[in-house]
Amino acid sequence: MNLFSDIRAAVLDALAAMQAEGALPAGLDMSNVAVEPPRDAAHGDMATNAAMVLAKPAGQQPRAIAEALAAKLSADPRIVTAEVAGPGFLNLRLTPDAWRGVVAAALGQGRDFGRSDMGRGVKVNVEFVSANPTGPMHVGHTRGAVFGDALAALLDFAGHEVTREYYINDAGAQVDVLARSAYERYREANGLSPEIREGLYPGDYLIPVGEALKAKYGASLLDRPEADWLADVREFATQRMMEMIRQDLALLGVRMDVFSSERAITASGRVEEAIETLRGMGLIYEGTLEPPKGKLPEDWEEREQTLFRSTAHGDDVDRPVKKSDGSWTYFAPDIAYHWDKVKRGYDQLIDILGADHGGYVKRLKAVVSALSDGRVPLEVKLIQLVKLYKNGEPFKMSKRAGTFVTLRDVVEQAGPDVTRFVMLTRKNDAALDFDFDKVLEQSKDNPVFYVQYAHARVCSVIRKAAEAGIAADDATLAGADLAHLAHDAELSLARKIAEWPRLVEISARGHEPHRVAFYLYELASDLHGLWNRGNEDTSLRFVQEGNAPVSQAKIALARAAGVVISAGLGILGVTPAEEMR
RNA sequence: GGCCCCGUAGCUCAGGGGAUAGAGCGACCGCCUCCUAAGCGGUAGGUCUCAGGUUCGAAUCCUGACGGGGCCGCCA
């Protein structure tokens, strides 16, 4: 149930009736007609811009259209008043029963209240994290992981068929480096001193990998040429790294549906296949690139390479798929991988990438456009930098300096709830300040506690009611006589609850899970506000001792808010606490 | 030089073309005999970086400046 879209439908019906009567011309575009909560509550419960949007195409005065529309709408039993205001707004006031209906719907549907069928039949692939399997996840990865997971949950809630996918970069030079680094730790495990040369990964996390290699191979790999052991050690170490990454993701509460391997794609010849397909479209050629303007790379020289004509699909320059030595660039397997996703039948692809991949977006879009014949849209959500602060001072992560902050560091200290909420209370395209002390503080400055506290208060009310001998289970509440909700402070909370289904659709459409976090904060604020009004006006307390029917109506309202908080936190992956200690 | 992101209250940030631009923190003044005060109410605080444009209407869309960050062919 979405009261805003219900009322919008009523507005459209009224406009259609006006057209049938000749009061409005036929063939008007109604797509911009909106029914929204007004910025200022004094204007009413809902406002529509219909008259202003239609005035010009209809060739009529906006206020005249609004007057006629108001006359039609006032026949609707849910609408108390329809007043023309300002340049042609139509402000609507709804009956208390309309708002009580929202409370009833939320109780009836529980955490499913607000689910939308907006994405029905739409298959979406959300690729995120995709951290290289060469070490533990760090703070930067954490933001992408949390964002992707929440976006996937949001799209699911809005009715899409969602696949969460991780692309394992297990085929490039970096996994050879990993293998060499692990091999040194293997030598170390065998009592030799490791040579962690420049360019190898020095992290301690490879020490157990070296020991595990010793357990498996004994001393048999010692003093052998690299060619003898590289492939085996690479395979072994890569698997170990992926296990570690899966554990890190599990700590955060992130679960993937599909892990795709670059190595598998490369080995199966699909890169060649993809490039040949593009060649068949006339999009692959041998040529040289113009040097970039401005600051040149130091070793710039003109080279002939195999290039992808990405400019034919909106890119600024063509992009190399082969290096000058004839081997594939990083881009080539990515072409094959995205083609693979297209062939798996998704209607929409979403890539969650770090902001340092900004220069990569246009070529990826070009590939998907070319290989899907323009049918499958690819949206790339760039996750901007996480700036770390400690004691209010910015500090840089450095593996060498030992200030490398892992996901595990953060989650084990702050907990997954705080980590997730903080990282989701910001748009993906704005940089995020992550202040360790503030996040660890667990104080009122931390919005996640504020929202959880609201939920805990609802649970507390229900417990108190039970102690007072008033039944307050969901089944009883669903049958409560909501006519006892009459105070405007109570109906205001119902109005906020009514916005939830609308907010879900807006957030899902914009791929903006942060909106959920901000809405939950507002909803929590409204609940806390109503709670405290009970201090001055005892008739506003949820539990009215000795009056079960009235208590149950009030608790039903609180429970409806709690159900929405619970559902919203569920999308964000945050636990709805039942009590705070 | 080009491309991407950002610029809104002292600070951190919301604001899917709508009315008098909002919240938190900080400052100031109040509220616990009472469902958890991890809470609530109020006051103060604004040239929405600037200049053009589109529109009945722009913080929002477009163009261009300015400022900050990121990226830019044999790294992935």
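Residue numbering restarts at 1 for every chain, and letters A, B, ... go by the order of the sequence lines. For clarity, every value in this text was computed on a predicted model and none was experimentally measured.
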Enquirer: Compute the ring centroids of F128(A) and F147(A), then answer whether they are less than 6.0 Å apart.
Expert: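 Here the rings of F147(A) and F128(A) have centres that are no less than 6.0 Å from each other.
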
Enquirer: Which pair of heavy atoms, one from V516(A) and one from L503(A), lies closest together, and at what distance?
Expert: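 That would be CA-CD2, 3.9 Å.
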
Enquirer: Can you tell me, in whole Å, how much space there is between the C1' of A59(B) and that of G2(B)?
Expert: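 Going atom to atom, C1' in each nucleotide, I get 28 Å.
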
Enquirer: Which part of the nucleic acid, if any, lies within reach of R457(A) when heavy atoms closer than 4.0 Å are counted: base, sugar-phosphate only, or nothing?
Expert: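 Answer is sugar-phosphate: R457(A) comes under 4.0 Å of backbone atoms only.
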
Enquirer: Just how far, in rounded Å, is P of G73(B) from CG of D325(A)?
Expert: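 Taking CG of D325(A) and P of G73(B), I get 16 Å after rounding.
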
Enquirer: So, is W531(A) near the phosphate of A37(B), with a side-chain N or O under 4.0 Å from OP1 or OP2?
Expert: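 So the side-chain polar atoms of W531(A) do come within 4.0 Å of the phosphate oxygens OP1 or OP2 of A37(B), strictly under.
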
Enquirer: Side chain to side chain donor-acceptor pair (under 3.5 Å), that's the test. Do E165(A) and S260(A) meet it? Break it down for me.
Expert: CA-CA 7 Å; E165(A) 183 151 336; S260(A) 281; 2.8 Å; yes

Enquirer: Tell me, please, which residues at least two apart from D318(A) pass side chain to side chain donor-acceptor pair (under 3.5 Å).
Expert: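 Here the qualifying residues are Y285(A), T311(A).
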
Enquirer: Starting at atom NZ of K381(A), determine the distance to atom C1' of C4(B), rounded to an integer number of angstrom.
Expert: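 Going from K381(A) (NZ) to C4(B) (C1'), I get 14 Å.
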
Enquirer: Let me know the distance between CG of D315(A) and P of C72(B), rounded to the nearest Å.
Expert: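 To the nearest whole Å, that distance equals 14 Å.
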
Enquirer: K322(A) near the nucleic acid: base, sugar-phosphate alone, or nothing, with a heavy-atom cut-off under 4.0 Å?
Expert: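 No contact at all - K322(A) keeps every heavy atom at 4.0 Å or more from the nucleic acid.
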
Enquirer: So which heavy atom on L289(A) is nearest to which on P320(A), and how close?
Expert: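 Scanning both residues completely, I find the closest heavy atoms to be CD1-CD, 3.9 Å.
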
Enquirer: Is the shortest side-chain N to carboxylate O distance from K496(A) to E499(A) below 4.0 Å?
Expert: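 Here K496(A) pairs with E499(A) in a salt bridge, since their nearest N and O are under 4.0 Å apart.
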
Enquirer: Given the rule that a pair is Watson-Crick or G-U wobble with both distances under 3.5 Å, how would you write RNA chain B in dot-bracket, using | for pairs to a different strand?
Expert: (((((((..((((....[...)))).(((((.......))))).....(((((..]....))))))))))))....

Enquirer: Reading nucleotides 10-20 of chain B from the 5' end, what letters show protein touch, with B for base, S for backbone sugar-phosphate only, - for no heavy atom under 4.0 Å?
Expert: --SSSSB-BB-

Enquirer: Given G70(B), is OP1 or OP2 found less than 4.0 Å from the side-chain N or O atoms of K387(A)?
Expert: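 For G70(B), neither OP1 nor OP2 has a side-chain N or O of K387(A) closer than 4.0 Å.
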
Enquirer: Across the strands shown, which category fits E304(A) at heavy-atom distances under 4.0 angstrom: base, sugar-phosphate, nothing?
Expert: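 Here E304(A) touches no strand at all.
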
Enquirer: If I pick the C1' atom on U55(B) and the same atom on G73(B), what distance separates them, to the nearest angstrom?
Expert: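 Comparing C1' positions in G73(B) and U55(B) gives a spacing of 44 Å.
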
Enquirer: A cation-pi test, strictly: NZ or CZ of R363(A) under 6.0 Å from the centre of the six-membered ring of F331(A) and no more than 45 degrees from its axis. Yes or no?
Expert: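 R363(A) over F331(A) ring: yes.
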
Enquirer: By nearest heavy atom, map K56(A) and L385(A) onto RNA chain B; which one lands nearer the 5' end?
Expert: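 Closer to the 5' end of RNA chain B: K56(A).
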
Enquirer: Decide, for C61(B), between syn and anti: a glycosidic angle within 90° of 0 counts as syn, anything else as anti.
Expert: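 The base of C61(B) is oriented anti (glycosidic angle more than 90° from 0).
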
Enquirer: Can you check the distance between C35(B) and U20(B), where both ends of the measurement are the C1' atom (answer in whole Å)?
Expert: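 Nearest-Å result for C35(B) against U20(B) at atom C1': 37 Å.
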
Enquirer: Under the side chain to side chain donor-acceptor pair (under 3.5 Å) criterion, do D351(A) and H357(A) qualify, and how do the steps go?
Expert: CA-CA 11 Å; D351(A) 285 4; H357(A) 288 64; over 6 Å; no

Enquirer: Separation of L382(A) atom CG from C4(B) atom C1', in whole Å?
Expert: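 Distance, rounded to whole Å: 7 Å.
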
Enquirer: Summarise how protein sits on nucleotides 27-32 of chain B as a single string, 5' to 3': B when a protein heavy atom is under 4.0 Å from the base, S for sugar-phosphate-only contact, - for no contact.
Expert: ------

Enquirer: The criterion is side chain to side chain donor-acceptor pair (under 3.5 Å); which residues satisfy it with T266(A), sequence neighbours excluded?
Expert: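 Testing T266(A) for side chain to side chain donor-acceptor pair (under 3.5 Å), a comparison that skips the adjacent residues, returns none.
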
Enquirer: In whole Å, measure the gap between the P atoms of C48(B) and G22(B) for me.
Expert: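 Result for the P pair: 14 Å, nearest Å.
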
Enquirer: Between R559(A) and D473(A) (salt bridge meaning N to carboxylate O under 4.0 Å), is one present in this structure?
Expert: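 Answer for the salt bridge query: no.
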
Enquirer: Between U60(B) and G18(B), how far apart are the two P atoms, rounded to whole Å?
Expert: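 These two P atoms come out 11 Å apart once rounded.
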
Enquirer: Go through the structure and list residues passing side chain to side chain donor-acceptor pair (under 3.5 Å) with R319(A), not counting sequence neighbours.
Expert: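 With sequence neighbours excluded, R319(A) shows a side chain to side chain donor-acceptor pair (under 3.5 Å) to D315(A), given in chain and number order.
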
Enquirer: Quick check for you: to the nearest 0.5 Å, what is the distance between M580(A) atom CE and R457(A) atom CZ?
Expert: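 Result: 10.5 Å between the selected atoms.
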
